[in-house]
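In what follows, every heavy atom counts, from backbone to side chain, and hydrogens, waters and symmetry copies are set aside.
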Amino acid sequence: MTGTFNLSGAAVAGGVFGCDFQIEKTVLGFENDASWTNQHGKVQDLPPFNVGVTSGTREKWIDMFRGRVGYALDQFLIYGTAGIAFAGTEVTVSNQVAQVTSSQTRTGLAAGLGGEWAAYVDTWGAVTLKLEYVHVDFGSKRYVDPPISGAVTRDVRLTDDIVRAGVNVRFNWDRPVVTKYSGCAGSALPLALAVVQRHDGALAAHRR
């Protein structure tokens, strides 16, 4: 029905909370981050379907719960991360006289890697700077089902590729003399910012 197209929009802003436990140089932990976004894009349907119809996709928010495993090198942490993701999405099908919007909450799998550096360390914890890449695959989901006002039911495949930087404030469970990544951390708006490219997969029509 349509070809593959990218979603564009402003940078993502959100917050994160998580906890880590360090055993020698190995760091195990989890984190939950929620972000607002307004990524969107649209494209015309292709023949043999009505080329006067436009199909648009919008992602409004994304929430991820991920585990992570890392290796600590003094004040620097290298880690891999994986978990589950949720996103609020809309697909709008329109022509010159009518418009139909179908909303879905998408569920997918997230995986990535990153690095974190302790910029300031004290007995109570640390302030760290983080840079990470996360790929999220939401698979395919059906929209406009059943068809409404002549709009054809369609499957939309959605993936996200996210590169983001953040600032975390960490609080130690104990009071170490050296840098440790044990403890809980969080950051709030507007500290967690992302540069995001949304990739919207091809749409497949289903006639009734």
Trainee: If you look at every heavy atom in Trp61 and Thr37, which pair is closest and at what distance?
Mentor: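 Nearest heavy atoms, Trp61 then Thr37: N-CG2, 3.8 Å.
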
Trainee: In sequence, state the C-alpha distance, the side-chain angles, and the governing distance for Arg58 and Glu90, and then conclude on salt bridge (Lys or Arg N to Asp or Glu O under 4.0 Å).
Mentor: CA-CA 5 Å; Arg58 179 186 174 207; Glu90 290 180 350; 3.8 Å; yes

Trainee: In the single-linkage hydrophobic clustering (I, L, V, M, F, W, Y; side-chain heavy atoms under 4.5 Å), do Phe171 and Leu129 co-cluster?
Mentor: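 Same hydrophobic cluster.
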
Trainee: Once you round to the nearest 0.5 Å, how far does OG1 of Thr153 lie from OH of Tyr143?
Mentor: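 Here the rounded value is 13.0 Å.
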
Trainee: Show your reasoning for whether side-chain contact (heavy atoms from CB on, under 4.5 Å) applies to Ile162 and Ile62.
Mentor: CA-CA 11 Å; Ile162 304 171; Ile62 183 169; 4.1 Å; yes

Trainee: Side chains of Leu77 and Val27, heavy atoms from C-beta outward: is any pair under 4.5 Å?
Mentor: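 Yes, close enough: below the 4.5 Å cut-off.
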
Trainee: Are Glu116 and Arg170 ion-paired here, with the side-chain N under 4.0 Å from a carboxylate O?
Mentor: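 Judged by the 4.0 Å cut-off on N to carboxylate O distance, Glu116 and Arg170 do form a salt bridge.
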
Trainee: If you round to the nearest 0.5 Å, how far is CH2 of Trp117 from CZ of Phe76?
Mentor: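 One finds 10.5 Å between CZ of Phe76 and CH2 of Trp117.
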
Trainee: Is the count of non-hydrogen atoms from other residues, nucleotides or ligands lying under 6.0 Å from Lys141 atom NZ greater than 12?
Mentor: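 Not buried by this count: 12 neighbours or fewer within 6.0 Å.
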
Trainee: Is any side-chain heavy atom of Gln75 closer than 4.5 Å to a side-chain heavy atom of Val121?
Mentor: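 Side-chain contact under 4.5 Å: yes.
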
Trainee: Using every non-hydrogen atom in the two residues, find where Val136 and Ala85 come nearest and quote the distance to one decimal.
Mentor: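 Looking at all heavy atoms of both residues, the shortest contact is CG1-CB, 3.6 Å.
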
Trainee: Just by distance, do the side chain of Gln99 and the backbone of Thr101 share a donor-acceptor pair under 3.5 Å?
Mentor: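 Checking the backbone N and O of Thr101 against the side chain of Gln99, no donor-acceptor pair under 3.5 Å is found.
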
Trainee: Can you list the steps and then say if Thr89 with Phe138 is a side-chain contact (heavy atoms from CB on, under 4.5 Å)?
Mentor: CA-CA 11 Å; Thr89 66; Phe138 289 107; over 6 Å; no

Trainee: For the residue pair Asp160 and Glu59, establish whether any side-chain heavy-atom pair is separated by less than 4.5 Å.
Mentor: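 A side-chain contact exists here, since the closest heavy-atom pair is under 4.5 Å.
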
Trainee: Between the main-chain N or O of Met64 and the side-chain N or O of Asn32, is there a donor-acceptor pair closer than 3.5 Å?
Mentor: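 Yes, Asn32 side chain to Met64 backbone: donor-acceptor pair under 3.5 Å.
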
Trainee: Report the distance from atom CG of Asp137 to atom CG of Leu158, rounding to the nearest 0.5 Å.
Mentor: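 Asp137 CG to Leu158 CG: 8.5 Å, rounded to 0.5 Å.
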
Trainee: Just verifying a value: how many Å separate Phe17 CZ and Phe30 CZ, rounded to the nearest 0.5 Å?
Mentor: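 One gets 6.0 Å once the value is rounded to the nearest 0.5 Å.
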
Trainee: Mark yes or no for whether Thr128, through its side chain, and Ala118, through its backbone, hold a donor-acceptor pair below 3.5 Å.
Mentor: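 Judged by distance alone, no pair lies under 3.5 Å.
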
Trainee: Below 4.0 angstrom, N of the basic side chain to O of the carboxylate: do Asp33 and Arg164 qualify?
Mentor: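 Counted as a salt bridge, because a side-chain N and a carboxylate O are separated by less than 4.0 Å.
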
Trainee: Any side-chain donor-acceptor pair under 3.5 Å between Thr81 and Arg66?
Mentor: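 There is such a pair (donor and acceptor under 3.5 Å, judged by atom type) between the side chains of Thr81 and Arg66.
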
Trainee: In chain order, what residues pass the ring pair (Phe, Tyr, Trp, His ring centres under 6.0 Å) check against Tyr120, with sequence neighbours excluded?
Mentor: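 Counting only residues at least two positions away or on another chain, Tyr120 forms no ring pair (Phe, Tyr, Trp, His ring centres under 6.0 Å).
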
Trainee: Got a second to check how far Phe86's CZ is from Thr107's OG1, nearest 0.5 Å?
Mentor: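 OG1 of Thr107 is found 5.0 Å from CZ of Phe86.
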
Trainee: Does any non-hydrogen side-chain atom of Val91 lie less than 4.5 Å from one of Ser55?
Mentor: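 The answer is yes; the side chains approach within 4.5 Å.
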
Trainee: OG1 of Thr105 to NZ of Lys60: how many Å apart, nearest 0.5 Å?
Mentor: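 Separation between the atoms: 7.5 Å.
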
Trainee: Would you mind reporting whether Val127 and Val167 have side-chain heavy atoms less than 4.5 Å apart?
Mentor: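 Yes, side chains in contact.
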
Trainee: Is there a side-chain contact between Thr57 and Gln39 (heavy atoms, below 4.5 Å)?
Mentor: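 No, side chains not in contact.
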
Trainee: Can you find a heavy atom in the side chain of Tyr79 that is under 4.5 Å from one in the side chain of Lys130?
Mentor: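 Yes; the side chains approach each other to less than 4.5 Å.
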
Trainee: Decide whether Thr54 and Ser94 meet the rule of one side-chain donor and one side-chain acceptor closer than 3.5 Å.
Mentor: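 Result is no, nothing qualifies.
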
